[in-house]
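All remarks here apply to the structure that follows.
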Number of protein chains: 2
Amino acid sequence: MNEGVEWGMHTCVNLSWMPGEALPAKKLAAFYELPTAYLNKQLQALTRAGILSSTSGPKGGFQLARPTDRITLLDIVVAIDGPDEAFRCTEILKAGPGADPREDYRTTCLISQAMRQAELVYRRELAARTIADIVADVERQFPRSPESTRAWFANLKS
Amino acid sequence: MNEGVEWGMHTCVNLSWMPGEALPAKKLAAFYELPTAYLNKQLQALTRAGILSSTSGPKGGFQLARPTDRITLLDIVVAIDGPDEAFRCTEILKAGPGADPREDYRTTCLISQAMRQAELVYRRELAARTIADIVADVERQFPRSPESTRAWFANLKS
DNA sequence: GTAGTACTACTCGGATAGTGATTGTCCGAGTATCAATGG
DNA sequence: CCATTGATACTCGGACAATCACTATCCGAGTAGTACTAC
């Protein structure tokens, strides 16, 4: 899985503590000492997916495009890592003896079905967890996080 | 995910219909018109994992090393695709402000926990399905499969 | 006729190239701010 | 003093390399069978 997924999730959590303010990729990258340009690339993907909104120019940057309770972990995974499933059925049964070339073995093949079922529960789990849930858990476990994060960004020399 | 996972699963199903007989990679590959040497590589991985047993020389080949009800889909995935999870926590929190370098953020970070939880249900689903289950489903839906598969391997010109 | 032996053919196993995706970097298009200028 | 305009600095956005894993292939080590030879 793309490493940017992790970066995107942490960045969304940080952005949730800076509502209404656009943070440039440079500052967001500095927070975790990440390569700025590469993080920018990932944030672009989140923007294309409608998760973030971007503004150019001075005072520009990224901010959340919708409430955190409407951003699921699956949204971020799909936006950055792509919509394809890990297991892709290449329909090798079509090359086997007694195969019907017209049949769609991605739905017929029982192995493909079993793998799809597993990925289904995986995605269902990710879709059930929103950034709001994560933020709430973090604030419960580390109550100082929002305040200290805001302070860090404020004190960051531009 | 490695394409060999699909090949390995289908091959295990086919091997379940040829009990006690060792089939060489060449024949197993011919069944689905797969590249022989590359399939051989995947079967080596299954052998290292103790899922298959291999025999060299004439009349040699691969066969199942244990009963089909003790081979789960997860076993095959782990053997071929590796034991690593898709989402790997790189602990970027360690580079963040106010981080404790001693802490293991793979277990502390709530995002990492959420992703691990999703992969857990994924693996649980795969671990609950054995090759025996798949074989039983196939035989129920396509009763002629075992017989026709045995016939195909028997009629294959060596 | 039978036992021993050398040969042959076949298989797995790991070491070796080729290819595509992920990772990382760079520069250009666009925009808001700021300063300077003229009324 | 205030409005306008031009320059400037900063940001995103997409185009351009480098690295790594997956894909694919090949040849050597080992083994079982077979045929031949000698007794």
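A quick note: this is a predicted structure, and the numbers were derived from the prediction, not measured. Values below: every heavy atom of this structure, side chains too, minus hydrogens, waters and symmetry copies.
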One character per nucleotide, please: for nucleotides 13-25 of chain C, 5' to 3', B when the base has a protein heavy atom closer than 4.0 Å, S when only the sugar-phosphate does, - otherwise. BBB-------BBB
From CG of L34(B) across to P of dC22(D) the rounded distance in Å is 19 Å
Any salt bridge (Lys or Arg N to Asp or Glu O under 4.0 Å) involving residues 30-58 of chain B? Give me the pairs, sequence neighbours left out, ordered by first then second residue. none
Shortest non-hydrogen contact between R88(A) and E6(B), atoms and distance: O-OE1, 3.7 Å
Neighbour count >12 (heavy atoms, 6.0 Å) for atom CZ, R150(B): yes
Measure NZ/K59(B) against C1'/dC12(C) and give the value in whole Å, please. 17 Å
Please classify the nucleic acid contact of A22(A) as base, sugar-phosphate, or nothing, using heavy-atom distances under 4.0 Å. nothing
With a 4.5 Å heavy-atom cut-off, do F31(B) and K27(B) have their side chains touching? no
Within a 6.0 Å radius of atom CZ on R66(A), are there more than 12 heavy atoms belonging to other residues, nucleotides or ligands? yes
Check the distance between dC10(C)'s C1' and L23(B)'s CG and give it to me in whole angstrom. 15 Å
Aromatic rings Y32(B) and H10(B): how do their planes relate, parallel, tilted or perpendicular, breaks at 30° and 60°? perpendicular
